[in-house]
Structure formats: structure tokens, C-alpha cells
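Structure first, then comments.
For the single chain, residues carry numbers from 1 onward in sequence order.
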Amino acid sequence: MGCCGSSLHRRFGSKSRSNHLSHAQNNFPSNGSDPAAAAAAATAGVPSFSEFSLADLRAATNNFSSDYIVSESGEKAPNVVYKGRLQNQNNRRWIAVKKFTKLAWPDPKQFAEEASGVGKLRHKRLANLIGYCCEGDERLLVAEYMPNDTLAKHLFHWENQTIEWAMRLRVALYIAEALDYCSSQERPLYHDLNAYRVLFDEGGDPRLSCFGLMKNSRDGKSYSTNLAYTPPEYLRNGRVTAESVIFSFGTVLLDLLSGKHIPPSHALDMIRGKNILLLMDSHLEGNFSTEEATVVFDLASRCLQYEPRDRPNTQDLVATLAPLQNKPDVPSYVMLGIPKHEEAPPTPQHPLTPMGDACARMDLTAIHQILVMTHYKDDEGTNELSFQEWTQQMRDMLEARKRGDLAFRDRDFKTAIDCYSQDRSLLFWLHYPNK
């Protein structure tokens, strides 16, 4: 497949992949069940980390069409994220594909090893990494796709309703749990944590993007945000530490409290001046607990301390935020005001004719037998179709029709029309090969 496959398999073989689910543990709200078992069950549907072919990812993203772009990082980090859908008949999973430049990761082996380290993580608070590709000059990461936008969209650019207070507390806790899990698995560094890295899944639950667990480049800058939001120690030495991640988490807490992207220094001045209520998001219209807000402001202040040693750790974050949860039985999609996600029912399968079944199996012997039994004869003429040409065209026509049906079911009407047009062209060619 790709140039990294053999070395990756030797170092991270089937044994390590079979253990992925055993890492899902720690920091789930107590509901009377075993936390480790609950975590494993929550990630049981996530596929094992694997290598993807470039052809599969091209097909999933319509050849990396600009219509499929969901995120662009800009000039400082020229990486693009596409949404896509795998075209395998047995795997129609939606995916997110992050595309790096070759200059960011010139060594394919190093890229594969870095990706595999992140790919071992499995947790229900993460948008998990499920694969990679490094064929030729391409450097691609493949993750679970989160369909309900980012925290930045819901906080700063909302249309119908702002995020209610209880949901903001849930976001803070879930991201703290994700960071605590990563720390427990010896992956404490998260690069450029901000509201755009927090994604919402099918049920509206917030998850932390796995892409931030891997640098934007082998030796490039880890922070692409405004310098006003960058940890002070990073400005001094250019290094990301576990304490730097806590600082960035503090800026996310400020986003949740204020509904705005406020520079930490300005927010700290207001907190010290006891102007907490002036910082609160006016769109909440007073529908929040002052006591709870004070606890979160205090936690944000501790996260944003100038000296890294004065900041809390991830366990402290979870311990502070967990008791504030006040709507544990209300689904996240209800609090976000989004429809409940339901998979479309599968398209009914109609039984194939004997010829259709033989074509689907690409069984040329069976096709020939059916043609003999039905007394098929080639059309006379010097430009007649050979049997091999005819069967190949039949296969192409059936495949085009199947892709069109799948695209139509997914409401991708442009692709469906293209496939059906190809189907009709092939059918015309079968009847009039000389035209």
C-alpha cells in the first residue's frame, strides 16, 4: 500500500492493535458500572488503527474536492481537513482526513511512527485517530468524523441558540477528561488547544480532536494562534510542555464563560478586580449559577498562572469540574438544540437475476454459460464486441450504477448524476459499439 506499511507493522504489529481497547479507562462519571468496562464499551465500534491507501482516501473525499473541506489552518499551518465517506461496500464510515505537506513531514517512517503513537489511544472523549497514509509525497491522518461542528461555531457563530450553562460545564469536564486520559497514557502534550479543537459528535457530546495530539510538522511551530493566547513559557523557549496544555485549557474555560475570545491577561485583570459578572456571556441572560461560575473562573485563573509550576494538573481539572455537573440525564443534543442523529435505513436489497449475480461476482464462466443457454450470438460485422470486452463493459456499467445508488442514498446528487450518466453512456456503447 504505502511506503510506511512494512516498517509500521514490524514495530506496531497485530498485538499492539489488539490492545487498543484496553486503554479506554479513567474518569467517567460514576453510574454504578465499572469505568474501564464502560470506556471499552464506548469505543468498541471504533476501528483499529491502520494504513489507508491513497486511492481509498481520494474516493472518500471526491479526489480531495474543495467542497469537502471542513477546516483550513491558514498560512502558519497550511494543513487542510476534509470530510469524506469510505466507499467500501462493507464500510461506509464517515471520516475526517487531515492533509499535511511533504515538507512538514519529509521522513515517511517518522510520520508513521508519530501517527501510530496517537492511534493507540482510544477514548470516548476523543475523536479517535483510525489511520494514516503516506504514499509518495502525501502525508494524511484519518480520524472519526464529528458532524456537529466545533465549539467555536457554537460559542462565537451560533444561529438559533447559544450554548446553555449546563452544557458549557459539560464541555469543560469532557475535555478535561480527555486530557487526563491522554496524560495517563503518557501522551500529555496537546498542540494549540482552542475552541476549534473541540468537536461535537452525532449525539452532541463534545470530543477533543486527536489531530492536536500530533504536531503540525516534525520541527515546526506548535502554536498557530495569536501570541496573546500562547503560554508565556512557549514564547521564552519555544517548547510545549504538559503545563502549557493546562494554560491553553484555561483559555478555553474563558471562552466558555464569556462567549468571546478574550486575551488571558485582560481576563485576569477583570478577575482580580472582582468583575466576574462583567465577563460572563450576556447571551446567557443570567441563566447560570454565580457560585458555579465563580468556581470555573477560579480554575481558569489557576490554569493561566505565569509560572507553569503554579498551574493545576489534569486530575485537578476533573476533580474541580465533575461536582458542577447538574443535568447528567439530559442528552447533549437536547442542550445544544440540534436534532437527534439517526442513521438512514439501509437501501432494500432486491434479489439479482442469475446474470446480475454472475456479473456481481465477476464470474466469467457463469456469464458464458448463461449466454450459451440463452443462445447468445455475437452481432455480425467487422467491429463486433469480443466476449471479454462485453463482460468488462457490463462490470463497469453495474459498478457505475451501484456508485450512483449509494450517492443518491447519501443525497450526494452531483455524484449520483455523474454515475448514472456514465451508466447510460456504457449502455449506449454496448448497443452501438461502432458509434
Closest heavy-atom pair and its distance - Leu213, Val118
O-CG2, 3.8 Å

Look at the rings of Phe200 and His154 and say which category their plane angle falls in: under 30° parallel, 30 to 60° tilted, over 60° perpendicular.
perpendicular

Please answer whether the main-chain N or O of Ser65 pairs with a side-chain N or O of Asn63 as donor and acceptor at a distance below 3.5 Å.
no

Determine whether the side chains of Thr241 and Ser244 contain a donor N or O and an acceptor N or O closer than 3.5 Å.
yes

Non-hydrogen side-chain atoms of Pro206 and Leu151 separated by less than 4.5 Å:
no

We want to know whether His123 and Asn128 form a side-chain donor-acceptor pair, criterion being a heavy-atom distance below 3.5 angstrom.
no

State the OH-OG distance between Tyr190 and Ser183, to the nearest 0.5 angstrom.
13.0 Å

Is the shortest side-chain heavy-atom distance between Met167 and Lys327 below 4.5 Å?
no

Assess the residue pair Met280 and Leu257 against the criterion (side chain to side chain contact (heavy atoms under 4.5 Å, CB included)); give the C-alpha distance rounded to whole Å, side-chain angles, the decisive distance to 0.1 Å, and a yes or no.
CA-CA 5 Å; Met280 290 298 296; Leu257 288 161; 4.0 Å; yes

Going by the angle between their ring planes, with limits at 30° and 60°, are His283 and Trp158 parallel, tilted or perpendicular?
perpendicular

List the atom of Tyr181, the atom of Leu121, and the distance in Å for their closest heavy-atom pair.
OH-CA, 3.7 Å

Evaluate the salt bridge (charged side-chain N to carboxylate O under 4.0 Å, His left out) criterion for residues Arg311 and Glu233: first the C-alpha distance (whole Å), next the side-chain angles of each, then the deciding distance (0.1 Å), finally the verdict.
CA-CA 13 Å; Arg311 299 170 196 159; Glu233 65 273 15; 2.8 Å; yes

Residue Glu307 excluded, over 12 heavy atoms near CD under 6.0 Å:
yes

Using only heavy-atom distances, determine whether the side chains of Glu114 and Trp105 contain a donor-acceptor pair under 3.5 Å.
no

Output yes when a side-chain donor or acceptor of Thr294 lies under 3.5 Å from a complementary backbone atom of Thr290, and no otherwise.
yes

Dump the intermediate steps for salt bridge (charged side-chain N to carboxylate O under 4.0 Å, His left out) on Asp205 and Lys124, then the final yes or no.
CA-CA 9 Å; Asp205 284 334; Lys124 69 177 183 178; over 6 Å; no

Testing Tyr132, Phe211, Phe111 for ring-ring contact (aromatic ring centres under 6.0 Å, His included) with Phe100, which one passes?
Phe111

